[in-house]
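Note that ligands are numbered from 1 as they come in the structure, with each ligand's atoms numbered from 1 the same way.
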Amino acid sequence: MCGIIGYVGDRSAAEILISGLSHLEYRGYDSSGVALMNDKEVNIYKAPGKLINLIEILKTKQNICAKSKIGIGHIRWATHGLPTTQNAHPHTCNCKNLTLVHNGIIENYQELKKELEQLGARFSSQTDTEVAAHLIAYEYGKTKNLLKAMLNATKKIKGAFAFCAIHKNEPDKIVVAKRNAPLIIGIGQEENFIASDIPAIIEYTKKAIYLSDYQVGVIKKDSIEIYNDNGTLVPNKIEYLPFEAVAISKMGYKHFMLKEIHEQGDVVRNILAGKLLSPEKNVVLDEFKLTKKEINNIKRIQIIACGTSYHAGLVGKYILEKFAKIPVDVEASSEYIYRDTIADKNTLAIGISQSGETADTITAIKQIKEQESHVAIITNRVDSTLARLSDSLLPVNAGIEVSVAATKSYIAQLISLYLLTIYLFEQKGLEQYKEEIRTLKQELMELPSKIEAIVENTTNIQEIAKKYSCYKDFIFIARGINYPNALEGALKLKEISYINATGYSAGELKHGPIAMLDNNMPVLALLNTGVVYDKVLSNCEEAKARQAKLIAVTNYIEPKDVPLFDDIINVPLGSETIGPAINIVVLQLLAYYIAEYLGKDVDQPRNLAKSVTVE
Ligand code: M6R
């Protein structure tokens with residue numbers, strides 16, 4: 001959460017910082033700020049709200065912007081204190097010589113604050129970051145050296161951080177440090193960049209150094225020095241960044257979310273390429289590192305993820321248990337980490353994360369690694385912390401996802417889980433459901449065109465979105481393998497439209513939620529062919545009897561059942577197993593058009609951030 005940017009070179013730092021922050025807005029967007037340094041002074045500008053407010057301020061500071069060739073910037077997702085100007089970064093110390101931006105949470109900030117107050121520090125914000133600024137400044141007072149001050153200060157700090165600091169007395173450098181929060185140093189010609197994520201700097205350079213935990217870096221325009229925590233210089237490990245700049249443009253769509261929904265056909269093609277060549281051939285999954293013997297020894301699977309990725313994991317449970325015959329637990333990472341969990345070397349742990357930086361999932365995966373389980377990571381970011389923790393890295397290659405609401409990454413995660421399931425089935429030489437597996441492979445290959453058929457004709461979905469946008473509450477129901485999509489559909493709707501939407505297993509409706517039903521409560525049912533068709537239908541009848549408005553999203557509906565529903569959205573036919581990868585597209589579009597109709601900020605919904613890097 002939060003975005004960090006830094007620049008040192010010969011260009012106007014302000015321009016680079018603002019451009020970088022605009023590409024980081026998806027990480028947080030409740031306030032922003034920059035510190036611009038030249039030989040004589042450091043100027044700090046901050047604004048609450050969207051980045052545009054900061055841009056307006058900088059327009060009035062052209063002179064300073066032109067002469068400042070070094071600077072640090074920040075876009076905030078509030079953890080400590082309201083999103084006000086005072087709490088916005090950068091933060092500074094009593095003498096204002098030291099300036100700091102920070103991503104993460106300092107857990108011992110209250111103790112540190114008390115100690116620093118006794119030493120004379122005066123605080124003007126509620127943030128933990130300001131405490132770090134005072135601490136580094138205090139250490140600077142002792143050493144008169146920003147590198148040493150950072151090394152000393154970070155030893156006293158508990159928690160997660162990526163820091164970027166500048167000091168008026170050392171006007172040629174930025175000093176950075178990190179622990180459990182990402183930070184990369186982009187390498188240019190006579191200029192260098194710092195960012196918490198690649199999109200902020202990809203248009204300037206493709207070469208970078210990923211700072212490791214406990215390292216401190218000193219970045220000047222013509223040099224980068226990395227030190228370990230005892231102050232020893234370590235060799236620079238240069239890597240190439242994986243993204244193209246074009247991937248972060250809207251390409252003519254009104255919102256990134258809509259663009260990303262439309263990309264899903266290609267996302268499926270990409271992930272299948274080279275892995276699924278024909279229904280008759282075995283799936284190729286070279287990235288999965290367990291041998292046949294080890295696969296046969298897997299006694300259970302634990303899937304760990306948050307939010308949308310967690311919902312993908314729930315679909316994974318249905319298919320892995322049915323086809324690969326391995327018991328699966330799916331758990332929200334935040335719940336996994338504060339209890340005594342049981343895993344061993346015969347457990348396959350699967351972490352799912354679009355960003356690969358979700359703090360709870362990282363902590364859970366570290367916990368499970370200690371228990372010697374094999375860790376497979378399904379992620380969209382091969383450069384992420386989770387990717388680096390994996391034994392088997394299963395990239396979903398969905399391309400950068402900018403909209404806070406996850407769409408194409410969900411489909412990609414589902415496809416990854418389908419492929420893994422088929423792979424395990426084939427490696428184990430199982431016989432039951434052989435024909436279904438062949439059909440599933442066929443359907444995966446046909447999936448892109450089915451998705452495209454949905455996104456290319458959205459008239460019905462748009463009309464239904466308009467009709468239902470006035471409701472304050474929504475219930476999504478489904479059973480079996482589509483149940484996780486009821487959760488995901490409801491999550492999509494609530495996060496971008498702020499409508500109170502809840503997903504339920506259809507069978508659970510009568511155990512409580514039915515009490516809420518009346519004609520003000522639309523119920524959306526995922527009604528697919530398969531073993532639960534009649535069951536879901538009965539649950540719809542029960543809802544109708546309470547006067548709920550009923551919407552069906554269905555791949556087949558018996559003509560006799562049509563009158564039960566107020567509205568019907570048809571999706572292409574497919575087996576029960578492939579259903580979630582088809583009907584989710586409708587739910588994404590429905591949520592999108594409702595939010596769009598209500599005039600909501602679709603790509604950057606309030607209170608959210610794309611990458612949740614705090615526990
Ligand atoms: O990057 P991750 O997949 O680990 O993120 C987990 C959740 O924060 C994320 O899926 C969130 O629920 C989505 N933005 C919802 O659309």
Side-chain angles (χ1 to χ4, degrees), residues 1-2 25-29 77 180-182 196-199 255-258 260-261 264 303-316 330-337 350-366 377-390 394-396 398-414 416-417 476 484-485 487-499 501 503 584-585 587-592 595 600-615:
M1 257 123 152
C2 304
E25 265 195 301
Y26 68 90
R27 293 181 71 95
Y29 33 77
W77 185 85
N180 294 325
S196 50
D197 203 357
I198 298 171
H255 294 103
F256 279 108
M257 182 176 177
L258 191 59
E260 287 158 6
I261 292 172
Q264 293 182 112
I303 299 182
I304 305 188
C306 301
T308 293
S309 301
Y310 168 74
H311 296 154
L314 291 176
V315 175
V330 189
E331 195 157 344
S333 319
S334 51
E335 287 303 317
Y336 190 85
I337 52 187
I350 304 178
I352 309 177
S353 172
Q354 187 285 130
S355 63
E357 298 296 349
T358 300
D360 288 326
T361 308
I362 292 172
T363 310
I365 289 296
K366 283 183 178 164
I377 297 293
I378 295 176
T379 183
N380 198 23
R381 299 296 297 265
V382 290
D383 53 318
S384 62
T385 306
L386 276 169
R388 284 157 199 266
L389 287 172
S390 66
L394 308 179
V396 301
I400 193 155
E401 190 177 63
V402 176
S403 168
V404 165
T407 53
K408 62 177 180 173
S409 61
Y410 179 68
I411 287 262
Q413 290 164 350
L414 293 185
S416 225
L417 288 161
F476 287 62
N485 267 8
L487 303 179
E488 175 59 10
L491 176 64
K492 282 291 87 82
L493 183 59
K494 71 184 135 198
E495 74 181 315
I496 60 170
S497 70
Y498 320 141
I499 289 172
I584 191 57
V585 182
L587 303 186
Q588 294 166 345
L589 285 164
L590 190 67
Y592 172 80
K600 302 294 184 204
D601 191 347
V602 173
D603 285 334
Q604 295 180 343
R606 70 183 183 204
N607 304 340
L608 293 180
K610 182 72 182 159
S611 193
V612 186
T613 55
V614 293
E615 275 186 21

**Request:** Establish, from distance only, whether the side-chain atoms of Gln354 and Ser309 form a donor-acceptor pair under 3.5 Å.
**Result:** no
**Asked** Between Glu401 and Ser409, is any side-chain donor less than 3.5 angstrom from a side-chain acceptor?
**Response** yes
**Atoms of ligand 1 close to Gln354 [distance to a heavy atom under 4.0 angstrom, numbered from 1]** = 1 (O), 2 (P), 3 (O), 4 (O)
**Request:** Taking all heavy atoms of Ala501 and all of Phe476, pick out the closest pair and write down the distance.
**Result:** CB-CE1, 4.1 Å
**Fill in**
Residue, atom and distance of the protein heavy atom nearest atom 5 (O) of ligand 1 read Thr358 OG1, 3.4 Å
**Nitrogen or oxygen atoms of Leu491 and ligand 1 under 3.5 Å apart** = no
**Asked** For atom 8 (O) of ligand 1, which protein heavy atom lies nearest, and how many Å away is it?
**Response** Val612 CG2, 3.8 Å
**Message:** So which atom in Cys306 and which in Asp360 form the shortest heavy-atom distance, rounded to 0.1 Å?
**Reply:** SG-CB, 4.1 Å
**Message:** Any atom of ligand 1 sitting under 4.0 Å from a heavy atom of Glu357?
**Reply:** no
**Prompt:** Which of the numbered atoms in ligand 1 are below 4.0 angstrom from a heavy atom of Cys306?
**Reply:** 6 (C), 7 (C), 10 (O)
**Item:** Residue part near ligand 1, for Glu495, under 4.0 Å between non-hydrogen atoms
**Value:** side chain
**Prompt:** What residue and heavy atom of the protein are closest to atom 14 (N) of ligand 1, and at what distance?
**Reply:** Val404 O, 2.7 Å
**Request:** Please report the closest heavy-atom contact between Ile377 and Ala387, naming both atoms and the distance.
**Result:** CG2-N, 4.3 Å
**Request:** For residues Arg388 and Asp383, report the shortest heavy-atom separation together with the two atoms involved.
**Result:** NE-O, 3.4 Å
**Message:** Within ligand 1, which atoms have a heavy atom of Ser353 less than 4.0 Å away?
**Reply:** 1 (O), 2 (P), 3 (O), 4 (O)
**Request:** May I ask you to identify the nearest protein heavy atom to atom 1 (O) of ligand 1, giving residue, atom name and distance to one decimal place in Å?
**Result:** Ser355 OG, 2.6 Å
**Message:** Please list the nearest protein heavy atom to atom 13 (C) of ligand 1 with its residue and the distance rounded to 0.1 Å.
**Reply:** Thr308 OG1, 3.7 Å
**Item:** Nearest atoms (heavy-atom pairs only) where His311 meets Pro484
**Value:** O-CB, 3.6 Å
**Message:** I'd like to check which ligand 1 atoms, numbered from 1 as shown, lie under 4.0 Å from a non-hydrogen atom of Ser309.
**Reply:** 2 (P), 3 (O), 10 (O)
**Prompt:** Counting each atom of ligand 1 from 1 as listed, which ones have a heavy atom of Ala405 under 4.0 Å away?
**Reply:** 16 (O)
**Prompt:** Of the non-hydrogen atoms in Gln264 and Thr407, which two are nearest, and what is the gap between them?
**Reply:** OE1-O, 3.2 Å
**Message:** Given Val396, which partner from the list Ile411, Leu414, Asn380, Thr379 fulfils the side-chain contact (heavy atoms from CB on, under 4.5 Å) test?
**Reply:** Asn380
